[in-house]
2 protein chains.
Amino acid sequence: MAVTIKDIAKVAGVSYATVSRALNDHPEINVITKEKIKEIAQQMGYTPNAVARGLVKKNTEMIALLIPDITNPFYPEVARGVEDYARENGYCVFLCNTNWDEENEQKYLTILKERRVDGIIIAPVSTDTIDYVSDSKLDIPVVYIGSRVDCNKSNYVVIDDFKAGYMATEYLMKLGHSNIAFIGGHDKSTSHIDRINGYKQALKENRLEADINSIKGYSFKKESGYGTFLKMVKNRKVPTAIVAENDIIALGIMEAAEKHGYDVPKDISIIGIDDIEFGSLPKINLTTVAQPKFDIGRKSADILLDLISGSADSKQIILEPFLIVRGTCGKY
Amino acid sequence: MAVTIKDIAKVAGVSYATVSRALNDHPEINVITKEKIKEIAQQMGYTPNAVARGLVKKNTEMIALLIPDITNPFYPEVARGVEDYARENGYCVFLCNTNWDEENEQKYLTILKERRVDGIIIAPVSTDTIDYVSDSKLDIPVVYIGSRVDCNKSNYVVIDDFKAGYMATEYLMKLGHSNIAFIGGHDKSTSHIDRINGYKQALKENRLEADINSIKGYSFKKESGYGTFLKMVKNRKVPTAIVAENDIIALGIMEAAEKHGYDVPKDISIIGIDDIEFGSLPKINLTTVAQPKFDIGRKSADILLDLISGSADSKQIILEPFLIVRGTCGKY
DNA sequence: CCTTTTTTCGTAAACGTTTTAAATTTTGAT
DNA sequence: ATCAAAATTTAAAACGTTTACGAAAAAAGG
């Protein structure tokens, strides 16, 4: 029963086309009839139908944000950045959680294609879906976040993960540490690899030896850091400092360390990467290398919209990480 | 250039209608031609156009989640709950942040109406938008979360906030406290009022006096709890226990207390409400009355979809809060 | 083999817009 | 008053589906 353009046309005594032009401020229309029509539309309580418009204009002004899990403290800020920029530009954004499952990831992609979203921002969990996208069975602009995707003409916005790993390690060395371990999570993502390489490089420049403890499988749970540290004490190979691949792992390490009588930062220094919100709580006070999460979201939406409007070719953005010194690292 | 039903029809040598029926497993079709058509569609790489379908079927299978800020640690789990249920039932969900602004809230509502979403889940910040909705200028099924909306025929899912306030206070009294204050946030929401009333009632039943310190304006920042506690020490009216309206405020109180030499829980007990994720960190270890956030999201989506399918009238769901005992409350 | 019922399929309209091309009106100058 | 040019409007097609209705074909019953 919603009032339509047809209805307005009847009341105003003009054709559909005129009404459409009036409501869209089309230049080819007499300003006085335009006002009259707008008035009538207002009175009749007209609400334009975006679905119909989408059908003829072949764009929906919808984008999607495809992430592993909004519950992971890294993503809400990213999402906020994306949504802010999208809304400012008239776009709505679908929130899509893949639950770290590549099958879900691909399922969602075909759903989004059916729905004719104009573009997608993906924090990919699987390289398979990257292939799927770049093989362009999907035919929708995509920008990746969180991990570099260096295949042909891909778009992404990431931080310089190498630098992040480097900075964390460098900071620890400046504090006097020479026995520095790295505890990581995933073993496939570029961010994982880059951070490790940054760590290695920093050590190498000071002729120190690397000690990398990666966790099998992919997990963002604290337990990962916790368990790995436990192994270290079992093997009597506890370093004086640890760079954790991310803050959640750092938290796990801290818990394990303190439970086993190690004082942080007196006995052991721990630095994370990411800067998730609860690291800033005074009781946690985690020293970390921060990612500009909000900016990552916002910038990725920016690029995506450019891509959609065709006003830009592929773009790779690498943002700068920055050190946040708090209380979990001490001098050696 | 996407392949359409028309194209398939041509190749298969049948009418549009037949193709449509085949692809939708319509009963009125020969199973063998159905298979043939599906085969062809597959081969041609057909992707149904949900926009066109939405136009004729007058539903979009899209819903929206309208919340103040996904960055607030309360909402990600809720969002996850609604998205999970929605996806399982073929719906996609728009993430809409209002940034605690009622103007944004209403703007978003008209946008969502234009887009013809089938339903909306709202965590309302303003009673004005509730009026706006119930005056049904909007003509879309709505379910509220977080605060009761007791106007005619509204749908909501909340926790029993009265009980939450009551339980928190009761627990403190059981520990021997008799000087118990309440520090709250918002002064308008039903959840705020109910929690206070629960607190009062519990005290009343034990003939104790209430001490309510509400924070002017609305804020979910820690600073609120922090500042209010500071006033207490200034006025030399520090109680032995405090129930905080929510966990974030509780955190602020804890910080202030410890900064001023009060040991938690030895000198002062603090209990929150909500159970946000970082309360569970060992270093924080906040005792709290929990809300089933995921269930709130999931259940609200459930109700909304029922509403959309017309298979149910209005529903008010009140979920049970539950006590999580950790380390911030001690015996007196 | 004819009639009736049941299956299956095709025609055409509908959903609510935008847009192209053509028709009409207005304007401005002579 | 006349005519060309500019401004405004209209008619109709298009976007890609679904669906009501009727027609044809197949199956069933006698």
Side-chain angles (χ1 to χ4, degrees), chain A residues 1-38 40-41 44-62 90 111-118 139-140, chain B residues 1-38 40-41 44-62 90 111-118 139-140:
Chain A
M1 289 304 128
V3 27
T4 144
I5 279 199
K6 223 174 193 170
D7 302 329
I8 300 176
K10 246 176 214 159
V11 173
V14 295
S15 67
Y16 316 168
T18 319
V19 176
S20 173
R21 278 193 276 257
L23 298 176
N24 294 329
D25 287 316
H26 198 93
E28 278 190 13
I29 193 170
N30 187 302
V31 60
I32 157 160
T33 62
K34 176 164 91 177
E35 291 310 324
K36 188 184 73 179
I37 289 174
K38 277 193 174 179
I40 293 176
M44 297 178 71
Y46 172 71
T47 310
N49 186 325
V51 177
R53 176 188 302 143
L55 182 58
V56 28
K57 297 193 72 164
K58 287 171 178 300
N59 64 10
T60 53
E61 312 216 313
M62 309 186 304
I111 290 174
L112 294 171
K113 186 173 184 181
E114 291 190 3
R115 288 180 181 275
R116 299 299 195 264
V117 296
D118 292 339
D139 193 30
I140 302 175
Chain B
M1 290 307 126
V3 26
T4 145
I5 279 199
K6 223 174 193 170
D7 303 329
I8 300 175
K10 247 177 213 159
V11 173
V14 296
S15 67
Y16 314 167
T18 318
V19 176
S20 173
R21 278 192 278 255
L23 297 176
N24 294 329
D25 286 316
H26 197 93
E28 279 189 12
I29 193 172
N30 186 302
V31 59
I32 157 161
T33 60
K34 177 163 89 177
E35 292 310 326
K36 187 183 73 177
I37 290 174
K38 278 192 174 179
I40 293 176
M44 297 178 71
Y46 171 72
T47 310
N49 185 326
V51 177
R53 176 187 301 143
L55 182 57
V56 29
K57 298 194 72 165
K58 286 171 179 299
N59 64 10
T60 52
E61 311 216 315
M62 309 187 304
I111 290 174
L112 293 171
K113 186 173 184 182
E114 291 191 3
R115 288 180 181 274
R116 300 296 195 264
V117 296
D118 291 339
D139 192 31
I140 302 175

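Please read all numbers here as calculations on a predicted model, not as lab measurements. Each chain gets a letter, A, B and so on, in the order the sequences are listed, and its residues count up from 1.
Where B:Leu55 and B:Ser15 meet DNA chain C, the nucleotide closest to each residue was compared, and B:Ser15 sits on the side nearer the 5' end. DNA chain C is contacted by both B:Val31 and A:Val56; B:Val31 maps to the nucleotide lying nearer its 5′ end (nearest heavy atom per residue).
One interatomic measurement links the two molecules: CD of A:Glu28 to P of C:dA21, which rounds to 12 Å at whole-angstrom precision. Atom-to-atom, CG of A:Asn49 to C1' of C:dT18 comes out at 13 Å; the value is rounded to the nearest Å. Going from atom OH of A:Tyr16 over to atom P of C:dT18 covers 13 Å, rounded to whole Å. Atom pair A:Ile29:CD1 and C:dT19:C1' shows a separation of 14 Å (rounding to whole Å applied). If you measure from atom CD of B:Glu35 to atom C1' of C:dT8, you get 16 Å, rounded to the nearest angstrom. Whole-Å rounding puts the A:Asp7 CG to C:dA14 C1' distance at 15 Å. Computed from coordinates, the A:Arg21 CZ to C:dT18 P distance equals 11 Å when rounded to whole Å. Distance NZ (A:Lys58) to C1' (C:dT19): 13 Å, rounded to an integer number of Å.
Summarising the geometry of A:Arg116 relative to A:Thr60, their closest heavy-atom pair is O-OG1, 2.7 Å, with the distance given to 0.1 Å. Between A:Asp7 and A:Ala2 the shortest heavy-atom distance is OD2-O, 4.0 Å. Between A:Tyr16 and A:Ile5, the shortest heavy-atom distance links the atoms O-CG2, 3.9 Å. Between B:Ile8 and B:Ile40, the shortest heavy-atom contact is CG2-CG2, 4.2 Å. Taking both residues in full, the closest heavy atoms of B:Met44 and B:Val3 are given as O-CG1, 3.2 Å, listed atom of the first, atom of the second, then distance. Considering all non-hydrogen atoms of both residues, B:Arg115 and B:Met62 come closest at O-CE, 3.5 Å.
Distance from the side chain of A:Arg53 is smallest for C:dT17 among the nucleotides C:dC9, C:dT17, C:dT19.
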- Please walk me through it: do A:Val14 and A:Thr33 pass side-chain contact (heavy atoms from CB on, under 4.5 Å)? CA-CA 9 Å; A:Val14 295; A:Thr33 62; 6.0 Å; no

Run the numbers on B:Asn49 and B:Thr4 for side-chain contact (heavy atoms from CB on, under 4.5 Å), then give the verdict.
CA-CA 8 Å; B:Asn49 185 326; B:Thr4 145; over 6 Å; no

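Across all strands shown, B:Thr4 has heavy atoms under 4.0 Å from sugar-phosphate atoms exclusively, and none from any base. Using a 4.0 Å heavy-atom distance criterion, A:Val51 is classed as making no nucleic acid contact.
A salt bridge between B:Lys34 and B:Asp25 is present, with a side-chain N of the basic residue lying under 4.0 Å from a carboxylate O of the acidic one.
Between the axis at the start and the axis at the end of the helix from C:dC1-D:dG30 to C:dT30-D:dA1 there is an angle of 40°, using five pairs per end and rounding to 10 degrees.
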Name the pairs: protein N/O against N/O of nucleotides 26-28 of chain C, kept only if under 3.5 Å.
none

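Using a 4.5 Å heavy-atom cutoff, the side chains of A:Lys38 and A:Leu23 are in contact.
Note that CD1 of A:Ile29 is 7.0 Å distant from CZ of A:Arg21, once rounded to the nearest 0.5 Å.
With hydrogens and angles disregarded, a donor-acceptor distance shorter than 3.5 Å links the side chain of A:Asn30 to the backbone of A:Ile32.
Along DNA chain D, read 5' to 3', the first and last nucleotides having any atom under 4.0 Å from a heavy atom of chain A are D:dT8 to D:dG16.
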